[in-house]
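These notes are about the structure you will find just below.
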Amino acid sequence: MSRSVGPHTADPCPRCLVEAVRPGSPMTVEGRDVVGYLCEQCTHVWNRPVEGDLEVHDVVRVDLPGATLYGTVRQVEEDRVRVRVQDGQRLLWAERWRLILH
């Protein structure tokens with residue numbers, strides 16, 4: 001289960017369960033776009049697929065370098081998504097690989 005750590009959300013490592021903020025890196029594995037992660041505690045490496053079926057009104061988490069934001073999808077393009085941030089006051093474009101469907 002994820003928890004808040006300052007402006008970010010920390011996720012547990014699937015192997016050792018140590019929670020940490022892991023920004024991830026976009027990559028391609030076996031022809032699929034994925035986000036790769038590394039646990040600095042146990043050196044476990046894993047990945048998750050880039051969200052491919054996002055639709056308007058989906059609720060998402062956006063992992064940005066400076067913060068983790070939550071919001072609602074407003075527009076979907078091939079490589080980026082426009083999200084209305086949870087505070088409702090701003091829209092932002094984020095690369096698709098930074099989003100996690102909630």
Closest contact, heavy atoms only, [X] versus [Y]:
{"X": "G36", "Y": "M27", "answer": "CA-CE, 3.9 Å"}
{"X": "R61", "Y": "T9", "answer": "NH1-CG2, 3.5 Å"}
{"X": "R22", "Y": "P12", "answer": "NH1-C, 3.8 Å"}
{"X": "D58", "Y": "D53", "answer": "OD2-O, 4.0 Å"}
{"X": "L99", "Y": "L54", "answer": "CD2-CD1, 3.9 Å"}
{"X": "C39", "Y": "C42", "answer": "SG-N, 3.5 Å"}

Is it the case that one hydrophobic cluster holds both [X] and [Y], taking links as side-chain heavy atoms less than 4.5 Å apart, direct or via other members?
{"X": "V56", "Y": "V59", "answer": "no"}
{"X": "W93", "Y": "V85", "answer": "no"}
{"X": "V81", "Y": "L69", "answer": "yes"}
{"X": "L92", "Y": "Y70", "answer": "no"}

Task: E19 side-chain N/O to D11 backbone N/O, donor-acceptor pair under 3.5 Å - done: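 It does not hold such a pair.
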TODO: Give a yes or no on whether the backbone of H8 and the side-chain of T68 come within a donor-acceptor separation of less than 3.5 Å.
DONE: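 The answer is no, because no donor-acceptor pair under 3.5 Å joins these two groups.
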Is any side-chain heavy atom of [X] less than 4.5 Å from a side-chain heavy atom of [Y]?
{"X": "V60", "Y": "V83", "value": "yes"}
{"X": "H44", "Y": "P14", "value": "yes"}
{"X": "D63", "Y": "I100", "value": "yes"}
{"X": "E55", "Y": "V73", "value": "no"}

Drop me the distance from [X]'s [atom1] to [Y]'s [atom2], to the nearest 0.5 angstrom.
{"X": "S25", "Y": "N47", "atom1": "OG", "atom2": "CG", "value": "11.5 Å"}
{"X": "Q41", "Y": "L17", "atom1": "CD", "atom2": "CG", "value": "11.5 Å"}
{"X": "E51", "Y": "D33", "atom1": "CD", "atom2": "CG", "value": "12.5 Å"}

- [ ] Kindly assign one of parallel, tilted or perpendicular to the pair W46 and Y37, based on the angle between their ring planes and the thresholds 30° and 60°.
- [x] parallel
Task: Pair listing, salt bridge (charged side-chain N to carboxylate O under 4.0 Å, His left out) test, anchored in residues 78-94, at least two apart - done: E77-R80, D87-R90
Open item on the list: Take a 6.0 Å sphere around CZ of R32 and say whether it holds more than 12 heavy atoms from other residues, nucleotides or ligands.
Closed with: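 No, the 6.0 Å shell around CZ holds no more than 12 heavy atoms from other groups.
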